[in-house]
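Below is one structure, written out as structure tokens; the observations come after it.
As the structure is a prediction and not an experimental result, all values here were calculated from the model.
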Amino acid sequence: MDVDVVGRVLSTLPEDDDHPYRTGPWRPQATEWRADDLEVIGEIPADLDGVYLRNTENPVHPALERYHPFDGDGMVHVVGFRDGKAFYRNRFVRTDGFLAEAEAGRPLWAGIAERPAKSPREDGWGARGRMKDASSTDVVVHAGVALTSFYQCGDLYRLDPLTLETLGKADWGGAFPYACGVSAHTKVDPRTGELLFFNYGTDEPYMHYGVVGADDRLSHYVDIPLPGPRLPHDMAFTENYAILNDCPLFWEPELMARGLYAARFHPELPTRLGVIPRRGTSSQVRWFEADPTYVLHWVNAYEEGDEIVLDGFFQGDPEPKDTGDGGHYRRMFRFLALDRMQTRLHRWRLNLVTGRCREERLSDSITEFGVVNNAYGGLGYRYAYAATGVEGWFLFDGLVRHDLVTGGEERYRLPDGVYGSEPAMAPRVGSASEEDGYLVTLTTDMSEDRSECLIFDAARVADGPLARIRLPERISSGTHATWAAGDGIPGWREADSPVRALRL
Ligand SMILES: [Fe+2]
């Protein structure tokens, strides 16, 4: 292994930190690495060609009072594969907030679990306002550039998908919706090259929907009026429609009036699913009512006859009660535990003729963070790959492949003390079918104090990894990930190898 340290940030976190989302498997890193020709146990398939990118909440400074893991600074990890070899890089996302705090040497914005009024800085980002633009939630690749996003709307940061150098903010020809930003999850349609997005906020109309073309220019942006401020996290799309949502879990209006932002579930209200033509107007949104729940992540959607089929994770208990079990932190962060929220794969069928919604549970298993072969995004599909959670905590202990035709599940359980991250499905070069490819994830191994990148045959997840690739340092547990094929990355083919490309 050929390893260099390329950067090191000055962390001001306490030596005796006891916060469970800043220690153990969530211990943040301060070092940025460049590692080539990584040690491999097993064999990297020669037809795995591209990059796995994963974002991470990786705090550099303590919170003002109460740290929430979604507050952490964005750090992206990339593992690239070509010709049976792998390279690795990790870099902080150099957001405006990150740079300002680096200069100050201390936190300047209140986090999610703190009052905005506590922020030393009066400016900031987020639907709520006065937050740091952590850019630590999702990462996608659009128009050959990696984009990182913030949990609660903000700028999208552009990163070189190979070097992870921060290239600035998405601007879309000067048309970026700066006032509202962009929500955590955008969708890239591989067939059109479009990026679909939405945002939300505390001012009317409370939501917007937009489309960015393959040319990286904003081509569509419309108001989506809602009854009040909402907290949608994700969206879905089909060939002809985008699907937005208004779930009955939102900031309590009376508390908001006092500067407090606490989300409450309203089981007396329906979940509303908004279907809009991909280039539709505000008046063309059709709302469908469904059973009350909160959906953090959708898996996929497609059109079938008169219906739109929408799959995602239904939460049986979007606002789990404090049962008094466990310590302070476990109780405080019960909203992050999949078992407490009872997240199950679910299907909504939205009939465009009758205006009715039919629902069905697709699995009894508690899973979340589902992904598909992105070539099937918006199209009929069969397989969803998801993570299983550690009881009581925001940690993943295994992978599941859901077969949505048979209802079958194939599982791989990580060894004790080893935690995974959201997988990505990487179609093999020349892939001939939906499951013809690999599943890639990163691990945090507390037993061996190291991290690895695991590669599975996507059709045989239960067989365990085909290859395990050693990273130079144990990385923090993290959030969302994506796969980008090498032929979608500018410059990928010009170099003899990723190693040489990165040493220019
Ligand atoms: Fe998310």
Point-to-point distance, once rounded to the nearest 0.5 Å, from SG of C247 to CG of L231: 10.0 Å

CD/E204: more than 12 non-hydrogen atoms of other groups inside 6.0 Å: no

R382 and D403: CA distance, side-chain angles, deciding distance, salt bridge (charged side-chain N to carboxylate O under 4.0 Å, His left out) verdict: CA-CA 6 Å; R382 178 169 178 176; D403 182 333; 2.9 Å; yes

D133 to D96 - nearest heavy-atom pair and separation: OD2-N, 3.3 Å

Closest contact, heavy atoms only, G72 versus S136: O-OG, 2.8 Å

No-hydrogen, no-angle side-chain donor-acceptor test under 3.5 Å, H77 and Y88: yes

Evaluation steps, ring pair (Phe, Tyr, Trp, His ring centres under 6.0 Å), between Y151 and F70: CA-CA 7 Å; Y151 157 75; F70 296 172; 5.0 Å; yes

Side chain T56, main chain M75, donor-acceptor under 3.5 Å: yes

Pair E304 + R349: basic N to acidic O under 4.0 Å: yes

Close side-chain approach of F92 and E32, heavy atoms under 4.5 Å: yes

Value rounded to 0.5 Å, distance of SG in C357 from CG in L310: 8.0 Å

Nearest heavy atoms of P120 and P107, plus distance in Å: CG-O, 4.0 Å

Residues H61 and E101: side-chain donor-acceptor under 3.5 angstrom: no

Evaluation steps, side-chain contact (heavy atoms from CB on, under 4.5 Å), between V400 and T388: CA-CA 7 Å; V400 177; T388 53; 3.4 Å; yes

Residues R340 and D317 bridged, charged N to O under 4.0 Å: no

Heavy-atom check, side chain of Y209 versus side chain of S282, under 4.5 Å: no

Donor-acceptor contact present, side-chain S451 to main-chain I475, <3.5 Å: yes

Note: R128-E114 ion pair, threshold 4.0 Å (strictly below): no

D189 with R278: basic N within carboxylate O range, under 4.0 Å: yes

Taking every non-hydrogen atom, the tightest pair across W109 and A100: CH2-CB, 4.0 Å

Candidate pair R358 and E289, rule salt bridge (charged side-chain N to carboxylate O under 4.0 Å, His left out), full reasoning: CA-CA 9 Å; R358 287 189 294 136; E289 294 197 349; over 6 Å; no

Donor-acceptor under 3.5 Å (S476 side chain, P28 main chain): no

Check: Y200 ring centroid to Y206 ring centroid under 6.0 Å: no

Atom pair OG1/OH of T202 and Y261 - distance to nearest 0.5 Å: 5.5 Å

Atom pair OG (S183) and CE (M207), whose distance is rounded to the nearest 0.5 Å: 8.0 Å

Minimum heavy-atom distance H233-F198, with the two atoms named: C-CZ, 3.7 Å

NZ/K118: more than 12 non-hydrogen atoms of other groups inside 6.0 Å: no

Matching residue for E368 among Q315, R344, H297 - test: side chain to side chain donor-acceptor pair (under 3.5 Å): H297

R217 to W172, cation-pi by 6.0 Å centre distance and 45° axis angle: no

Salt bridge flag under 4.0 Å for residues R91 and E165: no

Sub-6.0 Å ring centroid separation between H266 and F250: yes

Verdict with reasoning, R264 to E319, per salt bridge (charged side-chain N to carboxylate O under 4.0 Å, His left out): CA-CA 7 Å; R264 294 280 177 270; E319 192 180 353; 3.8 Å; yes

Between H346 and F313, ring centroids under 6.0 Å: no

Option passing side chain to side chain donor-acceptor pair (under 3.5 Å) with K187 (candidates N374, D234, N300): D234

Side-chain heavy atoms of T137 within contact of N55, under 4.5 Å: no

No-hydrogen, no-angle side-chain donor-acceptor test under 3.5 Å, T281 and S283: yes

Contact summary for F98 and K132, nearest pair of heavy atoms: N-CD, 4.3 Å

Pair R428-Y438, side-chain donor/acceptor within less than 3.5 Å: yes

Side chains of V371 and P423 in contact at under 4.5 Å (non-hydrogen atoms): yes

Atom CD of E103 with >12 non-hydrogen neighbours under 6.0 angstrom: no

Over 12 foreign heavy atoms within 6.0 Å of CD, E122: no

N-O pairing of E435 and R401 below 4.0 Å: yes

Contact check, side chains of L162 and V78, non-hydrogen atoms, under 4.5 Å: no

Within the 6.0 Å centroid threshold, strictly below: H402 and Y385: no

Salt-bridge contact R279-E194 (side-chain N to carboxylate O under 4.0 Å): yes

Aromatic contact, W298 with W348 (centres under 6.0 Å): yes

Beyond-backbone contact of R89 with T163, side-chain heavy atoms, under 4.5 angstrom: no

Heavy-atom side-chain proximity of W492 to R82 below 4.5 angstrom: yes

Audit row: D311, Y381, side chain to side chain donor-acceptor pair (under 3.5 Å) steps and yes/no: CA-CA 11 Å; D311 296 343; Y381 76 113; 2.5 Å; yes

From CG (L379) to CD (E434), nearest 0.5 Å: 9.5 Å

Euclidean distance, R130 CZ relative to R115 CZ, rounded to 0.5 Å: 11.0 Å

Chi angles and distances behind the ring pair (Phe, Tyr, Trp, His ring centres under 6.0 Å) call for Y67, Y21: CA-CA 8 Å; Y67 178 70; Y21 290 103; 8.1 Å; no

Student check: side-chain heavy atoms of L269 and P292 closer than 4.5 Å: no

Donor-acceptor pair, side chain of T166 and main chain of R94, under 3.5 angstrom: yes

W26 and F394 aromatic centres sub-6.0 Å: yes

Working for side-chain contact (heavy atoms from CB on, under 4.5 Å), residues Y419 and F396: CA-CA 5 Å; Y419 307 103; F396 302 144; 5.7 Å; no

